[in-house]
Amino acid sequence: MIRGRFAPSPTGELHLGHARTALLAWLQVRESGGQFILRLEDLDSGRVRSGSSDGILRDLAWLGLNWDEGWDIGGPHGPYRQSERQDLYEAAASKLETYPCTCSRLEVLQAVSAPHGVEVRYPGTCRSGVTHAHRKAALRWRVPDLEVHVMDGFNGEVKENVARVVGDITVRRNDGAWAYQLACVVDDADMGITDVVRGADLLSSTARQALLFDALGANRPRFWHAPLLTDANGARLAKRSGALSLRQMREGGADPKALLRDVALGLSWQINAPCQPQDLLGQWQIWLERIASQR
Ligand code: GLU
Ligand code: ZN
């Protein structure tokens, strides 16, 4: 049984890019009669906006998507809000070889003097003991020094030696919040997710998460990182770009079927009329074959 998920962070409103990611994840699951799960990634309490999680549910329903398990309807793998699953992250972290780290972001940057734009590798300063005992400590996982290989459904083989690229990974921040990488992997494993369909902005997380699945003794899901939607100028459609949110379109009386047609056209799918999600069943498979033939 295929199980996929959409895992938004309730930090603001959903945009067109989210609609597309949710649609792709939904199609991938529904084309094979699988199950679709909604999970709320609300661990970064400082960035959570009240009302956002309800708005997300309304947006998804407005688009015509449906789900089998989620933070509104519950299900056998709940709870589906990460803020209510912290004991699971704690248990998982205790299985990893971790150590406290008191380095500030600035200290890490200065220690490695990385050129701008290059990913910063944590140099392991606190591996043999924290440098600032009076500070609140983050928790880092001592990652194994090996090359991870992952087959991505869209991007082909991803290879990364995590220890060389980013170094030891933060699993709990110094404010006590469990980090995205750990929580995401623990939940995908615990919720029996077989396929992760999401935007290519998370491609850089793939090898790190695969390594975590391995370390926790869990099965890796298949990964599909879909190319990001861009606007007419080739700029990425992100939350900050000022593009209309799904809520604004919904409340402004926009036609969700026209929006889905635009999303489909943005993927170069041959859809000319406004459509509902179920009208697009089959398109995922066609699209995959086309992408595979272009590679
Ligand atoms: N919560 C993440 C986001 O909204 C998505 C995480 C994932 O799909 O793995 O960007
Ligand atoms: Zn440190």
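Counting convention: from 1, in listed order, for ligands and their atoms alike.
Between Ala22 and Leu60 the shortest heavy-atom distance is CB-CD2, 3.9 Å.
Taking the ring centre of Tyr122 as origin, the terminal cationic atom of Arg140 falls inside the region bounded by 6.0 Å and 45° from the ring axis.
Side-chain N or O atoms of Thr194 include one that pairs as donor or acceptor with a backbone N or O of Arg3 at under 3.5 Å.
The part of Tyr180 lying near ligand 1 is the side chain, judged by heavy-atom distances below 4.0 Å. Counting heavy atoms closer than 4.0 Å to ligand 1, residue Cys184 contributes side-chain atoms (C-beta onward) but none from N, CA, C or O. Contacts of Val196 with ligand 1, taken as heavy-atom pairs under 4.0 Å, are absent altogether.
The environment of Asn219 atom CG is sparse: at most 12 non-hydrogen atoms of other residues, nucleotides or ligands sit within 6.0 angstrom.
By the 30° and 60° cut-offs, the orientation of the rings of His225 relative to Phe223 is parallel.
Between Phe154 and Trp287, a ring centre-to-centre spacing shorter than 6.0 Å is recorded.
Checked against a 3.5 angstrom limit, the closest N/O atoms of Ala7 and ligand 1 fall inside it.
Set against the non-hydrogen atoms of Arg198, the atoms of ligand 1 under 4.0 Å away are 7 (C), 8 (O), 9 (O). If you number the atoms of ligand 1 from 1 as listed, the ones under 4.0 Å from a heavy atom of Arg5 come out as 7 (C), 8 (O), 9 (O). Those atoms of ligand 1 that come under 4.0 Å of a heavy atom in Glu41, given as number and element, are 1 (N), 2 (C), 5 (C), 6 (C).
For Arg142 and Glu97, the salt-bridge test passes: some basic side-chain N is under 4.0 Å from an acidic carboxylate O.
Ligand 1 lies nowhere less than 4.0 angstrom from a heavy atom belonging to Gln209.
Among the atoms of Thr102, none of the N, O or S atoms falls under 2.8 Å from the Zn ion (ligand 2).
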